[in-house]
Protein chains: 2
Amino acid sequence: MAASTLAEVAKLAGVSPATASRVLNGSARTPGAGIAERVRQAAESLGYVANAQAQALAKSSTGLIGLIVHDIADPYFSAIAQGVQSAARQERRMVLLATTDGTPAGEKEAAAAFAARRADAIVIAGSRSTRAEDSAANSELAAELERYCRNGGRLGVVGQGIIGLPDMAGYRTLPVPNEELARELAAALAATHEGPFVVVAGPDGLATSDERVRGFQDGLAGAGRPAAEVLHTAFSRNGGFDAGTQLAARLASRPTDRGEPPCIFAGNDVMAIGIVAALRKQGLSVPGDAAVAGFDDIEWLRDFRPELSTVGLPLDDIGRQVTLGALADPSAANPAASGITGTEITGTVRLRRSTEGA
Amino acid sequence: MAASTLAEVAKLAGVSPATASRVLNGSARTPGAGIAERVRQAAESLGYVANAQAQALAKSSTGLIGLIVHDIADPYFSAIAQGVQSAARQERRMVLLATTDGTPAGEKEAAAAFAARRADAIVIAGSRSTRAEDSAANSELAAELERYCRNGGRLGVVGQGIIGLPDMAGYRTLPVPNEELARELAAALAATHEGPFVVVAGPDGLATSDERVRGFQDGLAGAGRPAAEVLHTAFSRNGGFDAGTQLAARLASRPTDRGEPPCIFAGNDVMAIGIVAALRKQGLSVPGDAAVAGFDDIEWLRDFRPELSTVGLPLDDIGRQVTLGALADPSAANPAASGITGTEITGTVRLRRSTEGA
DNA sequence: TGACCGGTGGAAAGCGCATTCCCACTTGTT
DNA sequence: AACAAGTGGGAATGCGCTTTCCACCGGTCA
């Protein structure tokens, strides 16, 4: 029933297991041609498939990369996952997937599972949470990862570093200029919008969201505009929809002649889509009754109408770089604090129809 | 540098490795409370993390589920992946991800990698290809999987069975009524559309696409309508876009009074979206100048405008069921040919704005 | 011709853990 | 009081593979 083993192959070929191992798997030493051929034939006839578990145990390297995302069905994460997958393939590794619903507790659990599996590297794509209620889980996560890295594991994190995790060998962060890009976006929007600004953000304490909000407010201030009102909701399409519904009600109860339509900045594209859906449902038009902008420029945004203004981020590349960075030689001077070098992630503000003047 | 081992923990606790193993991992025998506590403390203080590789080797079960998809960034696959992930979590397994670009050769490679890792089960979500050029790769894939199953591996496949793989223990197929649903859709569309029908399908030989086309033509015939012209292109958004561009050119060069607008059936939703985008780009409107329908009802379709008619498929559930089915007791009478029992996958035709009469 | 050497295959020691005996000991019987 | 049954812990074996280390063989140089 069980698969055949190296020993069986060796016996059939009339050689020692050592020799069989040398010919079947890449070894520094290559046995003679005649022997090699015999072994190969034996393996073939037995349908031998090397047991990667045993190999991993013997040479203590599993060829596994653990990927932690909030939700694999979210286009933001699936785009990053694609990049990770591609880098993994290039480095001849396989990716182990874990989804966490975004809680640090879930991330800790996933990290522990990856550590147990002795993954060569762990890549964390989800945003950090600085909420007070998550602080205990954050510490546990940091402790788990610190132990993992101390034992020789590699860690790559997208965006902000793990809270409470000190710089250490094998730990790399891939910075994403959320704040800066949000600032640029705000500046661009302020130049063409007279009306008030509203920000629809994720939960307070979600790092990525907070950074974008901060940058946006900063950009507004730089343009001499008052700070935008901030609505907190789920960092998802439905969160955007809920906020959009609220905003629609507000707009409807307002005399039409009272100034310019507002400009709504959503923390990410899926939220922006939710907002547009909600406004549309209430009979409001974008950009007529309200301008809307998002963030990320997820792939399928291009077919959405009205075309959404957003900030383009090379998601696929982010996934690739963070993976490659994590796998890179940990001895290279490159602490987490300074980020993964040679791979600056840059984004682009893209103004489109959804924020065009009415 | 290396992580601490069970033996170290045992020594620190002053017990044998056997005892340490018994308390730290679920065993039938539970050592005394005092001892257990000592061992647990020792493990804690050493930061012991069990080596899943070694455990897997010792008890020959890895807790791994291999998932093969064409493209994880495609919403169809990421929705299924989410279901697989959820089932895996429920069954306390982790999922190993492989993307293949849809070629049987890639699937074979992935299957081999999973077999080497001794995954408890392999789940294949991508569609089969019956193209002549893929036949060699298909045989290799079947051979690989047959060996895998013979060695005790479990296999779950979405949709059509693996070509050339006989029914065998541990191999289950989750049938998806593509043909039947496409027939229903055609019937529904035929009832409201006078104009000609056009089918934009995936590459000839892609099983899922072929089934849908066949069902659609059949439904048309049942309604007394002539067979639709079939355009073959890539089974993706861009494939749809290309076909849409062609169709748009054709529509434009046609006198406006020449009969009813055509009704275009796309093999899946992302293709439909591509088609709509292409038509729109050429200044044509949907459903005014052409009706468009898709298949799958992927999640983010609801925010797309015009709302697309399609066939709803419980993708998340498909992922769950195929995984659970693969993991289920292989001795239960349930050959691949008869599908995974107790889990009939049903879809629903959903007519929406994109196919409403002009 | 004898000492030295690169090269080749085998023996054996793990890698970290689960598990099957096996033994010493504590309880419960008549 | 003697023995059976039951219980808790340890020693040893093996999972399948990699990797020193060793023995050996033909060949080279002095």
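Lettering of chains follows the sequences in order, A, B, ..., and the numbering in each one begins at 1.
- Using a 4.0 Å cut-off, some side-chain N or O of A:Ser21 falls inside it from OP1 or OP2 of D:dT18.
- Taking atom CZ on A:Arg117 and atom P on C:dC15, their separation rounds to 22 Å, with Å as the unit.
- Spacing between atom NZ of B:Lys59 and atom C1' of D:dT13 amounts to 18 Å, rounded to whole angstrom units.
- Side-chain atoms of A:Asp101 and A:His70, non-hydrogen and from C-beta on, never get closer than 4.5 Å to each other.
- When the side-chain nitrogen and oxygen atoms of B:Asn25 are compared with OP1 and OP2 of C:dC17, none of them lie within a distance under 4.0 Å.
- When distances are taken from the side chain of B:Ala18 to each of C:dG14, D:dG10, D:dG14, the shortest belongs to D:dG10.
- A heavy-atom distance below 4.5 Å is found between the side chains of B:Val84 and B:Ile80.
- Across the protein-nucleic acid pair, B:Ile35 atom CD1 and D:dG8 atom C1' stand 8 Å apart, rounded to whole Å.
- In this structure, the side chains of A:Ile162 and A:Arg128 come closer than 4.5 Å at one or more pairs of heavy atoms.
- Judged by distance alone, with hydrogens and angles left aside, B:Arg118 brings no side-chain donor or acceptor close enough to the base of D:dG16 to form a pair under 3.5 Å.
- Rounded to whole angstrom, the span from the CG atom of B:Asn51 across to the C1' atom of D:dC15 amounts to 13 Å.
- With rounding to whole Å, A:Gln55 atom CD is found 16 Å from C:dG14 atom C1'.
- Taking for each of B:Ser16 and A:Tyr48 the nucleotide of DNA chain D with the nearest heavy atom, the 5'-most of the two is the partner of B:Ser16.
- Side chains of A:Arg118 and A:Thr62: no donor on one and acceptor on the other come within 3.5 Å.
- Using modelled atom types, no side-chain atom of B:Arg93 and backbone atom of B:Ala88 make a donor-acceptor pair closer than 3.5 Å.
- Axis angle across the helix from C:dT1-D:dA30 to C:dT30-D:dA1, with five pairs used at each end and values rounded to 10°: 50°.
- Put simply, CD on B:Gln53 is 13 Å from P on C:dA18, counting in whole angstrom units.
- Within a 6.0 Å radius of CD in A:Glu44, other residues, nucleotides and ligands contribute 12 heavy atoms or fewer.
- When heavy atoms are screened at a 4.0 angstrom cut-off, A:Ala56 is found touching no nucleic acid atom at all.
- Along DNA chain D, the nucleotide nearest B:Leu57 and the nucleotide nearest B:Thr19 are compared for position; the residue whose nucleotide lies closer to the 5' end is B:Thr19.
- Using modelled atom types and a 3.5 Å distance limit, the side chains of A:Arg320 and A:Gln82 yield no donor-acceptor pair.
- For D:dG8, the base has no donor-acceptor partner in the side chain of B:Arg22 [N/O atoms by modelled type, under 3.5 angstrom].
- D:dG10 atom P lies 13 Å from atom CG of B:Leu6, rounded to whole Å.
- When heavy atoms are screened at a 4.0 angstrom cut-off, B:Thr5 is found touching the sugar-phosphate backbone but no base atom.
- Separating the CD atom of A:Glu8 from the P atom of D:dC15 is a distance of 10 Å, rounded to the nearest angstrom.
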